[in-house]
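Below you'll find the structure, written out as structure tokens, and then a few comments.
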Amino acid sequence: MTHPQFREAAHTRGSRDVLPSSGKMSIGSRSIPSHYFLSPLAGYTHLAFRMAIRELGGLGLATTDLVQASMLLAGKQKSLELVETESDDQPLSVQIFSGKRDELVNAARWLEEHGYQGVDINMGCPMAKVNGSGGGARLMCDTENAQSTVAAVVEAVSIPVTVKMRLGWDADHITAPELAHAFEQVGAAAITLHGRTRQQGFHGAVDLDGIRQTVEAVDHIPVIGNGDVRSPADAQHMKAVTGCDAVAIGRGAMLDPWIFRKLAAITRGKPPTDPTPVEQIDFLVRHFTLMTRQHEEYSCILFRKFAGWYGARLGIPEDLEDRLRRFTTFAEFDSIVAQVHQRHGERETPVPTALVKVPNGPNERW
Ligand SMILES: Cc1cc2nc3c(=O)[nH]c(=O)nc-3n(C[C@H](O)[C@H](O)[C@H](O)COP(=O)(O)O)c2cc1C
């Protein structure tokens, strides 16, 4: 299926990739300190979580949750919160979505004017409300339209424009290689590829061969592989098998926020280390504290969503996890944390993969 011209280019890329990684890479004019990126998870990869992960070390590029271009342009508070950032929250790209080209163009301009250094166009979201208006994965169905949309955004701004997409709409329409090539021609600076189709949603195995074919389809821009990376070994495997330049990790970073630090150690030839229980509890506290900088007391409500995840991850006794789900004051939070320190280990720590909810059921109804 891959055009021969693409295969030749990939062969050269492949041989470059077996060299030990220096750790740094570029996306357009931007220097990125590592080859391991945080993949956006709407509702999870907010400013506080990004900052808490950055402080652990090893993270390359982070991307905001997807932001509806029209809502950003209308100055809606929810969208402004999603793009809220601070000087140490770098390198960062803001991800926008819309089925309307002028909205994407104007949102990209808005971002550049407000000092953001990268814009990512969402072409992977499978949700009906995003696809219904022609945005997200729906854009992948019409190569010409998608290409001219990316071209219009690239022409409108001088910051690097990237695209995140899936392999295609379904198994009969695998368009990622063709699209990646088309986007490179009009100046996209990188492509992130989740190795599933829109039809697959989050089911089935990630198709590493599909990612490899997309790597082969571009001449020089980085392709960032994505999907189901849960451990440093998975990330290294994805890079080795597909030849992708970098790996974006979403749910795996929730499961193990230390994954980037571990990968950085491996890149330097050092053994990766697991966090101690105290470091894990410190991470919980840091995450909450950073959240309060943005949301003040309202963080007590927002943080409840993470109770189950931290409960499982840290083996927090169920009564304390329950309190973490209902607390309303900073003092109560402090008291819960003090008890978590005392009673840590009372409960088995199951692997909390199931705790990041993915849309389920027939995907036409998402
Ligand atoms: C809860 C949730 C929210 C997501 N939100 C976004 C999003 O805002 N933008 C996006 O491009 N992808 C989004 N994704 C897709 C992820 O970035 C990623 O492509 C996918 O989960 C596969 O990678 P992973 O196995 O490392 O999580 C989301 C996935 C999940 C589970």
Side-chain angles (χ1 to χ4, degrees), residues 36-47 49-50 53 59-69 71-72 78-79 81-83 92-98 104 118-127 129-131 135-140 161-168 176 190-198 200-208 210-211 214 223-235 237-239 242 244 246-257 259-260 263 305-306 308-309 351-361 363 366:
Y36 302 103
F37 299 0
L38 181 63
S39 202
L41 297 175
Y44 296 92
T45 42
H46 50 237
L47 175 60
F49 188 72
R50 293 195 302 270
I53 294 234
L59 177 59
L61 179 73
T63 303
T64 65
D65 298 5
L66 82 176
V67 183
Q68 189 164 356
M71 296 294 149
L72 182 67
K78 176 88 176 85
S79 303
E81 269 174 21
L82 288 176
V83 300
L92 176 74
S93 281
V94 175
Q95 189 183 75
I96 51 175
F97 79 91
S98 174
L104 290 172
V119 57
D120 188 50
I121 302 173
N122 180 304
M123 288 198 196
C125 183
M127 307 290 282
K129 65 178 179 201
V130 174
N131 296 169
R138 179 59 79 186
L139 273 166
M140 296 191 70
V161 175
T162 55
V163 178
K164 180 162 179 285
M165 60 186 178
R166 287 179 174 243
L167 287 177
I191 306 292
T192 304
L193 185 62
H194 178 185
R196 289 189 174 90
T197 62
R198 188 266 177 194
Q200 278 181 291
F202 291 87
H203 296 291
V206 164
D207 180 358
L208 294 181
I211 298 179
T214 307
V223 173
I224 298 115
N226 166 246
D228 289 359
V229 168
R230 301 284 179 268
S231 66
D234 290 345
H237 180 69
M238 182 178 275
K239 268 181 117 225
T242 68
C244 66
V247 173
I249 306 169
R251 289 165 296 170
M254 292 290 303
L255 177 65
D256 180 6
I259 194 166
F260 302 104
L263 282 159
K305 164 179 197 170
F306 294 90
W309 176 65
V351 179
T353 30
L355 294 173
V356 179
K357 288 203 180 87
V358 295
N360 221 332
N363 57 10
W366 291 351

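Counting starts at 1 for both ligands and their atoms, in listed order. Throughout, residue positions are numbered sequentially from 1 according to the sequence presented.
Residue contacts with ligand 1, taken as heavy atom pairs separated by less than 4.0 Å, involve Leu41 via backbone and side-chain atoms alike. Under 4.0 angstrom from ligand 1, the non-hydrogen atoms of Asp228 come from both its backbone and its side chain. Only side-chain heavy atoms of Arg230 come within less than 4.0 Å of ligand 1; its backbone N, CA, C and O stay farther off. Heavy atoms of Gln95 found under 4.0 angstrom from ligand 1 belong exclusively to the side chain.
When all heavy atoms of Leu193 and Ile211 are compared, the pair lying nearest together is CD2-CA, 3.8 Å.
Cation-pi geometry between Arg166 and Phe202 is met: the NZ or CZ atom falls under 6.0 Å from the ring centre, inside 45° of the normal. Stacking of Lys305 on the aromatic ring of Tyr44 is recorded, both the 6.0 Å distance cut-off and the 45° axial limit being met.
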Can Met238 and Val229 be said to form a side chain to side chain contact (heavy atoms under 4.5 Å, CB included), step by step? CA-CA 8 Å; Met238 182 178 275; Val229 168; 3.9 Å; yes
Phe97 and Leu139: side chain to side chain contact (heavy atoms under 4.5 Å, CB included), yes or no, with the steps? CA-CA 10 Å; Phe97 79 91; Leu139 273 166; over 6 Å; no
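One side chain, Asp65 or Thr45, offers a donor N or O that lies under 3.5 Å from an acceptor on the other. Under the 3.5 Å distance criterion, with hydrogens and angles disregarded, no donor-acceptor pair is assigned to the side chains of Thr192 and Asn226.
Considering both main-chain and side-chain atoms, Asp65 never comes within under 3.5 Å of ligand 1 through any nitrogen or oxygen pair. For Ala248, no nitrogen or oxygen atom sits less than 3.5 Å from a nitrogen or oxygen atom of ligand 1, counting backbone and side chain alike. The shortest N or O to N or O distance between Val229 and ligand 1 is not below 3.5 Å.
Formation of a donor-acceptor pair under 3.5 Å by the Asp234 side chain with backbone atoms of Arg230 is found in this model. With hydrogens and angles ignored, the 3.5 Å screen pairs a side-chain donor or acceptor of Thr64 with a backbone N or O of Gln95. Looking at Arg196, its side chain does come within 3.5 Å of a backbone N or O of His203 through a donor-acceptor pair.
Of all the atoms in ligand 1, the ones that sit under 4.0 Å from a non-hydrogen atom of Ala42 are 3 (C), 4 (C), 5 (N), 6 (C), 8 (O). Close approach to Gly227 involves these atoms of ligand 1, each under 4.0 Å from a residue heavy atom: 22 (C), 23 (O), 25 (O). Near Asn122, the atoms of ligand 1 lying under 4.0 angstrom from a non-hydrogen atom of the residue are 9 (N), 10 (C), 11 (O). Interface atoms of ligand 1 facing Ser39, defined by a heavy-atom separation under 4.0 Å, are 16 (C), 17 (O), 18 (C), 19 (O).
Compare Gly136, Ala253, Pro40 by their heavy atoms: the one nearest to atom 17 (O) of ligand 1 is in Pro40. Heavy-atom proximity to atom 27 (O) of ligand 1, evaluated over Arg166, Met165, Arg251, Met127, is greatest for Arg251. Between atom 20 (C) of ligand 1 and the options Arg196, Met254, His194, Met123, the minimum heavy-atom separation is to His194. Across the listed options Phe202, Phe37, Phe97, Tyr44, Phe202 owns the non-hydrogen atom lying nearest to atom 21 (O) of ligand 1.
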